[in-house]
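All chains are named by letter (A, B, ...) in the order of the sequence lines, taking the proteins before the strands, and each is independently numbered beginning at 1.
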2 protein chains.
Amino acid sequence: MRSAEFDREQVLRAAITAFMTKGYSKTSMQDLKKVTGLHPGSIYCAFKNKQGLLLAALEQYNEDKANEFTHYFSGNTQVLTGVKSYLNCTVSACSQDGPQKNCLSQKALNELAEQEPLVEQVIAQNMKQWQERFVAIFEQALLNGEINNSRTPKQRVQSLVMGIYGLRTYAQTDPQIEVLNELANQLFDDVTR
Amino acid sequence: MRSAEFDREQVLRAAITAFMTKGYSKTSMQDLKKVTGLHPGSIYCAFKNKQGLLLAALEQYNEDKANEFTHYFSGNTQVLTGVKSYLNCTVSACSQDGPQKNCLSQKALNELAEQEPLVEQVIAQNMKQWQERFVAIFEQALLNGEINNSRTPKQRVQSLVMGIYGLRTYAQTDPQIEVLNELANQLFDDVTR
DNA sequence: AAAGTTCTTGAATGATCGTTCAAGATTGTT
DNA sequence: AACAATCTTGAACGATCATTCAAGAACTTT
């Protein structure tokens, strides 16, 4: 046996950045060869094809986001403080230039929904997981008495994730950080009221 | 002189539908030939190239949306009633299948932002116009006493359009009409509170 | 160190892409 | 009716696309 020479995570992160900046369709295999350092044959051997690479990249992205998420809520401070700082982080990411202002799942969903059912399904699943992590957080907030039960945690989270999707789209037309911060603060207030 | 034989609006509406269903990159000139009934040469003569056709389609789309908008607020009923029915219409569009569940501006923005500056600029302008139409509506609502001045009309509208962007994205992962209606109702309450 | 296995390489493939343009068709003018 | 002007047609173009695969390189085992 001989093990592969490339670092899978490193390759996937490079692919993630490429897909986030240029989108799936406009990212050619030549681009992917350049950023991953892998020759076409290796890519096809490891991921079957371009779509397979996207699916693997989405999986990696989901994992990274899950780790990031737990990082925000690992401390034993108030739960809502974590939500607030999560939103602040999202805003500052959106207001910057560069690839990180986007979300791979959201961008790929917009591009490929109803065109690539498998991809759509995987993204929907990832987003559902993300949403469920938030629900767990808000259920804890309810137990802590940080929020009341005028709306269920799930209802609040649905509004929250909808708001974050909207925030990212809004930021693409108007990346003023003050406006985005105001929007995020208002969203926080509405969701925790 | 000899006038063109095709109906420009008809061609643009066909292009709009095509771009909305498959996205810009994945809509080939062959597709466009098929749906518009125009041969490549005619398309290039009338719109210069594929991007020119997209720009023309975006312009037509913006015009159509503006007309649709005034339709919702032309009656002399309460302003907020119009907002509510606008949201209901958006929800039912999102929950359906087919091309109309998307918004051409939003989809193209997600696909082409930071890749095609000219397209991005035109879309940002269209979205700004859409937002300004809403601001005028909310200023009227303020005069009518339908909303208070705890937030400015502009602030309310920023939250509203952000919410609508988010609603459309949310609908792509979970098109249950009950959930979307609940989200839209909550958005309405938050924005008019 | 030789053989066997697995991975890497990158040129080649056929398909499809956006785009062009010269020839044909149609209309308006004289 | 003949000519000029303009539009339509669709085959052809080079470029680029995702993908393949046979040959070479590198590692493991004997």
Side-chain angles (χ1 to χ4, degrees), chain A residues 1-58 104 107-108 111-112 115-120 122, chain B residues 1-58 104 107-108 111-112 115-120 122:
Chain A
M1 257 305 217
R2 180 186 166 201
S3 59
E5 291 182 359
F6 61 88
D7 179 349
R8 188 182 160 92
E9 283 198 16
Q10 193 175 317
V11 164
L12 288 180
R13 299 239 167 74
I16 288 171
T17 305
F19 286 140
M20 274 169 62
T21 36
K22 302 192 74 174
Y24 177 70
S25 292
K26 288 209 162 179
T27 304
S28 67
M29 288 304 298
Q30 275 208 40
D31 294 331
L32 291 169
K33 176 189 166 186
K34 198 175 295 175
V35 299
T36 62
L38 258 52
H39 292 248
S42 299
I43 294 180
Y44 280 80
C45 177
F47 305 103
K48 179 167 186 182
N49 54 23
K50 190 184 169 188
Q51 177 175 306
L53 179 56
L54 174 65
L55 291 171
L58 283 167
L104 180 62
K107 190 166 172 80
E111 183 178 347
L112 301 175
Q115 289 294 312
E116 303 280 349
L118 180 55
V119 176
E120 184 176 1
V122 168
Chain B
M1 259 302 222
R2 183 189 164 198
S3 58
E5 290 183 358
F6 62 89
D7 179 347
R8 187 182 161 92
E9 283 197 17
Q10 193 174 317
V11 164
L12 289 179
R13 297 239 167 74
I16 288 171
T17 304
F19 286 141
M20 273 172 45
T21 34
K22 302 193 72 173
Y24 176 70
S25 291
K26 288 208 162 179
T27 303
S28 66
M29 288 303 299
Q30 275 207 43
D31 294 330
L32 291 169
K33 175 189 167 186
K34 198 175 295 175
V35 298
T36 62
L38 258 52
H39 292 249
S42 299
I43 294 180
Y44 280 80
C45 177
F47 305 103
K48 175 162 188 186
N49 53 23
K50 190 185 170 189
Q51 176 175 307
L53 179 55
L54 174 65
L55 290 171
L58 283 167
L104 179 62
K107 189 165 173 80
E111 183 178 348
L112 301 175
Q115 290 292 314
E116 303 280 349
L118 179 57
V119 175
E120 184 176 1
V122 168

Just distance, no hydrogens or angles: give the donor-acceptor pairs under 3.5 Å from side chains in residues 32-45 of chain B, sequence neighbours left out.
from: B/Thr36; atom 1: OG1; to: B/Leu32; atom 2: O; distance (Å): 2.5
from: B/Thr36; atom 1: OG1; to: B/Leu38; atom 2: N; distance (Å): 3.1

Filter on salt bridge (charged side-chain N to carboxylate O under 4.0 Å, His left out), then keep only pairs touching residues 18-27 of chain B, sequence neighbours left out; what's left? A/Glu116-B/Lys26, B/Lys22-B/Asp31
Kindly indicate whether a cation-pi arrangement holds for A/Lys107 with A/Tyr24, taking the cut-offs as under 6.0 Å to the six-membered ring centre and within 45° of the axis. no
Roughly how many Å is it from CZ in B/Arg8 to C1' in D/dT8, rounded to a whole number? 18 Å
Contact under 4.0 Å: B/His39 side-chain N or O vs D/dT8 OP1/OP2: no
Between the main-chain N or O of B/Thr21 and the side-chain N or O of A/Gln115, is there a donor-acceptor pair closer than 3.5 Å? yes
Rounded to the nearest 0.5 Å, what separates atom CG in A/Leu54 from atom CZ in A/Phe19? 5.0 Å
To 10°, what angle do the rotation axes through the five end pairs on each side of the helix from C/dA1-D/dT30 to C/dT30-D/dA1 form? 0°
By salt bridge (Lys or Arg N to Asp or Glu O under 4.0 Å) - contacts of B/Glu111 (at least two apart): none
Tell me, which of residues 41-58 of chain A have any heavy atom that sits under 4.0 Å from an atom in DNA chain C? A/Gly41, A/Ser42
From the options C/dT8, D/dG10, C/dG10, select the nucleotide whose nearest atom is closest to the side chain of A/Phe6. C/dT8
Qualifying side-chain hydrogen bond (donor to acceptor under 3.5 Å, both in side chains) pairs with a residue from residues 9-18 of chain B, counting only residues at least two apart or across chains: B/Glu9-B/Arg13, B/Arg13-B/Asp64
Any chance you could lay out the side chain to side chain contact (heavy atoms under 4.5 Å, CB included) test for B/Gln51 and B/Val119, step after step, and finish with the verdict? CA-CA 8 Å; B/Gln51 176 175 307; B/Val119 175; 4.0 Å; yes
Within this structure, what is the CG-CG distance for the pair A/Leu12 and A/Leu55, rounded to the nearest 0.5 Å? 11.0 Å
Return the residues of residues 17-37 of chain B meeting this criterion: a heavy atom under 4.0 Å from some atom of DNA chain C. Order them by number, or give none. B/Thr27, B/Ser28, B/Met29
Let me confirm one number: the CG-NZ distance from A/Leu53 to A/Lys50, rounded to the nearest 0.5 Å. 9.5 Å
